[in-house]
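Contents: one structure, followed by commentary.
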2 protein chains.
Amino acid sequence: MRVSSKAHYGLRMMTEFARAYGTGPLSIAEVARVEHLPLAYLEQLAGQLRRGGLVESTRGVHGGYTLARAPELISVLEVVHTVEGEVSPVECVSSDYVAGSCGRDGECASRGLWLRLKESIDAVLRQTTLAELIHDQSLLAAMAPSDPHPEASHD
Amino acid sequence: MRVSSKAHYGLRMMTEFARAYGTGPLSIAEVARVEHLPLAYLEQLAGQLRRGGLVESTRGVHGGYTLARAPELISVLEVVHTVEGEVSPVECVSSDYVAGSCGRDGECASRGLWLRLKESIDAVLRQTTLAELIHDQSLLAAMAPSDPHPEASHD
DNA sequence: GCTAATTCCGACCGTCATGGTCAGAATTAT
DNA sequence: ATAATTCTGACCATGACGGTCGGAATTAGC
């Protein structure tokens, strides 16, 4: 139940592109530098993002990548989707699930749970845009971290 | 972003234990039979569940496992936790995260997002108990599948 | 006490996704 | 021409995952 580094990296890269939005293309060399991520790997991810229609590329000397849309119009869900594929806790709740292939259809006690979980995850990712991400960052400094984990009380 | 089969299997096994709650111990051989899961693998999981305090075991001929608490008092979150460890989309939001080890502290744009995500996931899993799981199953038959996600006509 | 049914335990293993590298081709500004 | 880039495909090492195996310990029933 974790987000792959791939998705994480992809999001970080997109965040950089979002910051540079408006000011010409940003090269992945630059992204690699400021985010401390392996350049060769970012190249791969950038390819996926481009093919997914989230960024546009400019080749050659002053080339790089640009968001295909304004940061307000790109959700984290889209980013995760394009680099990691659909978010789905178990196969039977993914959209390409072939009905009946589970064999436990109908007698499955937990499918409802997984559907709820998927919906919940998608909701969080869908309602967060790149714009909010780079904006929240400014807020972070202002906000004092008060109640990070009220956990460890129930289980 | 998926639940491991391990967690899935663990939950299915716990569901069986929940069904058998009240009527003596249930052997994993039985669980393996009705859930069509590999017995040897279930043994491992059962061990984890026992060490995690979720079930109690009886050895010997009419042995097996029993829930340590009533099904209403065991959340899915607990089950997932004990077999899969903490649910955490990225390391920096897990409870054993050492502050500062990320190096991007303070300048990280997405930590807030991951915290929200983790909270959201935990909430769904925490508020679902084994009792609800086996109860919902009875509802499934009664309820006509009308609106719940017109995905693939589902199962 | 023997036997069969079980839990228990540790070791082992093949496969697969992941995270990452590399070499080189194509493109373009200077 | 050269240097900075994107682009592409191949390659690779590691680890987690899902699973097996052999055998020891325990206990009910005969």
Side-chain angles (χ1 to χ4, degrees), chain A residues 1-13 16-17 20 24-33 35-68 80 83-91, chain B residues 1-13 16-17 20 24-33 35-68 80 83-91:
Chain A
M1 207 72 253
R2 58 179 246 288
V3 169
S4 68
S5 290
K6 191 156 85 174
H8 201 176
Y9 290 2
L11 188 59
R12 284 165 69 179
M13 180 155 52
E16 292 302 324
F17 292 153
L26 180 68
S27 75
I28 55 179
E30 185 65 17
V31 173
R33 193 156 51 243
E35 289 281 346
H36 306 103
L37 294 175
L39 187 146
Y41 193 40
L42 289 187
E43 280 184 3
Q44 285 189 169
L45 296 185
Q48 284 189 249
L49 292 170
R50 178 177 48 82
R51 285 186 291 275
L54 293 186
V55 298
E56 283 161 4
S57 63
T58 318
R59 304 177 69 160
V61 169
H62 287 134
Y65 293 85
T66 317
L67 291 191
V80 172
V83 302
E84 223 189 9
E86 187 180 14
V87 161
S88 173
V90 295
E91 323 79 43
Chain B
M1 207 73 253
R2 59 181 244 287
V3 169
S4 67
S5 289
K6 191 155 86 174
H8 201 175
Y9 290 2
L11 188 60
R12 284 165 68 178
M13 179 155 53
E16 292 302 324
F17 292 153
L26 180 68
S27 75
I28 55 179
E30 184 64 18
V31 174
R33 195 157 48 243
E35 289 282 347
H36 306 102
L37 294 175
L39 187 147
Y41 193 40
L42 288 187
E43 280 184 4
Q44 286 190 168
L45 296 186
Q48 285 189 248
L49 292 171
R50 179 179 47 82
R51 285 187 293 274
L54 293 187
V55 298
E56 283 161 2
S57 62
T58 317
R59 304 177 67 161
V61 169
H62 288 133
Y65 293 85
T66 318
L67 290 191
V80 172
V83 302
E84 223 189 9
E86 187 180 14
V87 161
S88 173
V90 295
E91 323 79 42

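So that the names make sense, note that chain A is the first sequence line, chain B the second, and so on, each numbered from 1. Predicted, not measured: the structure shown is a model, and the values here were computed from it.
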Open item on the list: Taking side chain to side chain contact (heavy atoms under 4.5 Å, CB included) as the criterion, tell me which of A:L37, A:L45, A:L42 meets it with A:R12.
Closed with: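 Going through the options one by one, the only one that passes is A:L37.
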TODO: Provide the closest heavy-atom pair for A:E84 versus A:V3 in the form atom of the first, atom of the second, distance.
DONE: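 For A:E84 versus A:V3, the nearest heavy atoms are OE2-C, 4.0 Å.
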- [ ] Taking all heavy atoms of B:V31 and all of B:L26, pick out the closest pair and write down the distance.
- [x]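 Shortest heavy-atom contact: CG2-CD2, 3.7 Å.
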Task: Non-neighbouring partners of B:R33 that pass salt bridge (Lys or Arg N to Asp or Glu O under 4.0 Å), sequence neighbours left out - done: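 Partners of B:R33 by the salt bridge (Lys or Arg N to Asp or Glu O under 4.0 Å) criterion, ordered by chain and then number, come out as B:E30.
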TODO: Mind running side-chain contact (heavy atoms from CB on, under 4.5 Å) on A:M1 and B:R2 for me, showing each step along the way?
DONE: CA-CA 5 Å; A:M1 207 72 253; B:R2 59 181 244 287; 5.8 Å; no
Open item on the list: With a 4.0 Å cutoff (strictly under), does any side-chain N or O of B:H62 reach OP1 or OP2 of D:dT27?
Closed with: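 It does not, given that no N or O in the side chain of B:H62 lies less than 4.0 Å from OP1 or OP2 of D:dT27.
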Open item on the list: I need the CD-C1' distance between B:E56 and D:dT27, as an integer number of Å.
Closed with: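 Roughly 18 Å, once rounded to whole Å.
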Task: Between NE2 on residue B:H8 and CE on residue B:M13, distance to nearest 0.5 Å - done: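 CE of B:M13 is found 12.5 Å from NE2 of B:H8.
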Open item on the list: With rounding to the nearest 0.5 angstrom, report the CG to CD distance, B:L11 to B:E16.
Closed with: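 Interatomic distance, B:L11 CG to B:E16 CD, rounded to 0.5 Å: 10.5 Å.
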Open item on the list: Looking at A:A7, is its backbone amide N or carbonyl O close enough to the side chain of A:S4 to form a donor-acceptor pair, meaning the two atoms are under 3.5 Å apart?
Closed with: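 Pair found, side chain donor or acceptor close to backbone of A:A7.
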For a quick test of your reading: what N or O donor-acceptor pairs under 3.5 Å do the side chains of residues 58-66 of chain B make, sequence neighbours left out?
none

TODO: Treat primed atoms plus P, OP1 and OP2 as sugar-phosphate and everything else as base, then score nucleotides 8-23 of chain D 5' to 3': B for base contact with protein heavy atoms under 4.0 Å, S for sugar-phosphate contact only, - for none.
DONE: B-B-------BBB---
Open item on the list: With heavy atoms of chain B within less than 4.0 Å as the criterion, where does contact along DNA chain C begin and end?
Closed with: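 The contact span of chain B on DNA chain C goes from C:dA4 to C:dA11.
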Open item on the list: To the nearest 10°, give me the bend of the helix from C:dG1-D:dC30 to C:dT30-D:dA1, comparing the axes of its five terminal pairs at either end.
Closed with: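 Comparing the axis at each end, I get an angle of 10°.
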List, one per line, each side-chain donor-acceptor pair under 3.5 Å for residues 46-56 of chain A, sequence neighbours excluded.
from, atom 1, to, atom 2, distance (Å)
A:Q48, NE2, A:T82, O, 3.3
A:Q48, NE2, A:V83, O, 3.4

Task: Any donor-acceptor N/O pair under 3.5 Å between D:dT6 base and A:R59 side chain - done: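 Answer is yes: a donor-acceptor pair is held.
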- [ ] Identify, between A:V61 and B:G60, the residue whose nearest nucleotide on DNA chain C lies closer to the 5' end.
- [x]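 Its nucleotide being nearer the 5' end, the pick is B:G60.
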